[in-house]
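In this text, all values refer to a predicted model and were calculated from it rather than measured experimentally. Both ligands and their constituent atoms are indexed starting at 1 by order of listing.
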Amino acid sequence: MRAMMDGAPAAARPPRDAGAAPLLSLSDVRMSFGGIVAVQDVGFDVMPGTVHALIGPNGAGKTTMLNCISRFYTPQKGSMRLLTATGEHDLLQCKAHQISRLGIARTFQNLELFSELTVFDNVLIARSIAMRSTLTEALLRLPRQRREEREQRERTQQIVDGLNLGAHAHTLVRDLPYGTQKLVELARAMALEPVLMLLDEPAAGMNNREIDALGDTLRRLQAATGATLLLIEHSMPLVMSISDTITVMHNGAFLAQGSPREIEKNPAVVEAYLGGGKSGKRR
Ligand SMILES: Nc1ncnc2c1ncn2[C@@H]1O[C@H](COP(=O)(O)OP(=O)(O)OP(=O)(O)O)[C@@H](O)[C@H]1O
């Protein structure tokens, strides 16, 4: 990293946009495992309604950062705040199971789907979290519960169709190609109608044609729902084509932030990728 080699420390975080309030504001987040500091005092803002990529060579700390935001992990230090229509929320005060109620959904590097269920049922189950009927109403199948069930099924169909999964709606997930299963995971996350979607390598395992289609889908979904997307991704063509902002991490630290054009030309970023992440994984 040039800044470090020149003796000047890398900036701890990018300058804040004075004109707008961030949806997600991270400051000085530190997460270590025993002696390994996976995330070293990292901070950046994610602006509402944007596609924001978090990139960096292998071992940079990206997934750990996502796991802190979704509260799988509790960082030893730092602050993480979410500003939504319902107010400002301190994510450190939330448990993992409360995160989805704040409007944060996430997908995983490895698929977390019910492979023995259909595409439609996978999305419907995620959707059921939003159903508000009480257990008594559900058991008695009161009118409100029946109406809600019909609405949830209609909404599920819209989400499935919106991801071009209509033809597979009643196919078991296990019978679908991997790339299509990744879209089902996206559909499950969309079913929560999140304000913030955390996507961990959505293009992993996809071929170039599927990656192109995924880029179009993510952009279309973002525009249609207004949701903010924060994604970790190694496919540079995808990152460069869909991101409004890119944050780069390297060896657990914040390295740079900017538009795709700025990041592409940033010498410290080029060097981090060429000069060696821990495994030099570059796609
Ligand atoms: N649960 C854990 N226990 C111990 N060390 C961990 C744990 N999770 C991550 N690490 C270490 O923290 C560092 C950052 O890992 P992390 O998975 O966050 O990187 P990453 O940027 O997501 O990498 P990749 O692109 O390969 O997924 C690595 O050195 C990793 O070995």
Side-chain angles (χ1 to χ4, degrees), residues 1 4 10-14 24 26-44 46 51-78 80 91-92 95-96 99 104-112 178-179 181-182 185-186 189 196-206 211 214 218 229-240 242-243 245-258 260 263-264 266 268-283:
M1 286 180 287
M4 286 180 178
R13 60 173 295 137
L24 177 68
L26 309 167
S27 300
D28 295 325
V29 175
R30 172 180 285 246
M31 182 75 219
S32 46
F33 304 96
I36 299 170
V37 184
V39 172
Q40 191 182 330
D41 306 340
V42 173
F44 59 91
V46 177
V51 177
H52 192 127
L54 180 57
I55 68 167
N58 279 118
K62 306 176 299 290
T63 298
T64 304
M65 194 71 183
L66 223 60
N67 282 337
C68 288
I69 298 167
S70 58
R71 297 298 282 102
F72 273 40
Y73 295 151
T74 298
Q76 283 89 13
K77 176 171 166 272
M80 307 189 298
L91 298 184
L92 279 177
K95 302 250 183 318
I99 287 294
I104 300 179
R106 80 164 284 181
T107 65
F108 294 85
Q109 222 164 335
N110 302 309
L111 292 168
E112 304 258 339
Y178 185 76
Q181 292 188 16
K182 296 281 285 186
E185 229 208 347
L186 200 55
L196 175 63
M197 282 183 65
L198 308 174
L199 308 177
D200 197 350
E201 298 203 30
M206 289 187 173
I211 291 176
L214 176 68
L218 290 176
L229 310 187
L230 175 58
L231 74 146
I232 295 176
E233 187 48 65
H234 283 286
S235 166
M236 284 307 138
L238 179 63
V239 166
M240 291 297 162
I242 68 168
S243 305
T245 305
I246 300 173
T247 298
V248 189
M249 289 177 69
H250 185 43
N251 290 342
F254 172 87
L255 180 63
Q257 182 167 300
I263 290 300
E264 203 169 38
N266 184 312
V269 175
V270 173
E271 189 165 325
Y273 272 88
L274 297 180
K278 282 173 189 164
S279 78
K281 179 161 93 178
R282 297 185 296 276
R283 275 173 257 158

Participant: Out of Ala38, Ala60, Gly56, Pro57, who is nearest to atom 13 (C) of ligand 1 when you count heavy atoms only?
Facilitator: Ala38
Participant: Provide the closest heavy-atom pair for Leu198 versus Ser70 in the form atom of the first, atom of the second, distance.
Facilitator: CD1-CB, 3.9 Å
Participant: What atoms in ligand 1 come closer than 4.0 Å to a heavy atom of Lys62?
Facilitator: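 So the atoms of ligand 1 that pass are 18 (O), 19 (O), 20 (P), 21 (O), 22 (O), 23 (O), 24 (P), 25 (O).
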Participant: Please report the shortest heavy-atom distance between Leu218 and Leu229, naming the atom on each side.
Facilitator: O-CD1, 3.9 Å
Participant: Please list all pairs meeting salt bridge (charged side-chain N to carboxylate O under 4.0 Å, His left out) that have one or both residues in residues 63-78, counting only residues at least two apart or in different chains.
Facilitator: Asp41-Lys77
Participant: What's the shortest heavy-atom distance between Ile211 and Ala203, and which atoms?
Facilitator: CG1-CB, 3.9 Å
Participant: Check each of Gly61, Gly35, Gly59 against atom 28 (C) of ligand 1 and report the one with the nearest heavy atom.
Facilitator: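 The nearest heavy atom belongs to Gly59.
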Participant: State the atoms of ligand 1, each with its element, that fall below the 4.0 Å cut-off from a heavy-atom position in His234.
Facilitator: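 Result: 25 (O).
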Participant: Indicate the atoms forming the closest heavy-atom contact of Ala189 with Met197, along with that distance.
Facilitator: CB-CE, 3.6 Å
Participant: Would you tell me which option among Val39, Thr64, Asp200 has the nearest heavy-atom contact to atom 16 (P) of ligand 1?
Facilitator: Thr64
Participant: Which of the numbered atoms in ligand 1 are under 4.0 angstrom from any heavy atom belonging to Tyr73?
Facilitator: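 By the 4.0 Å cutoff, the relevant atoms are 1 (N).
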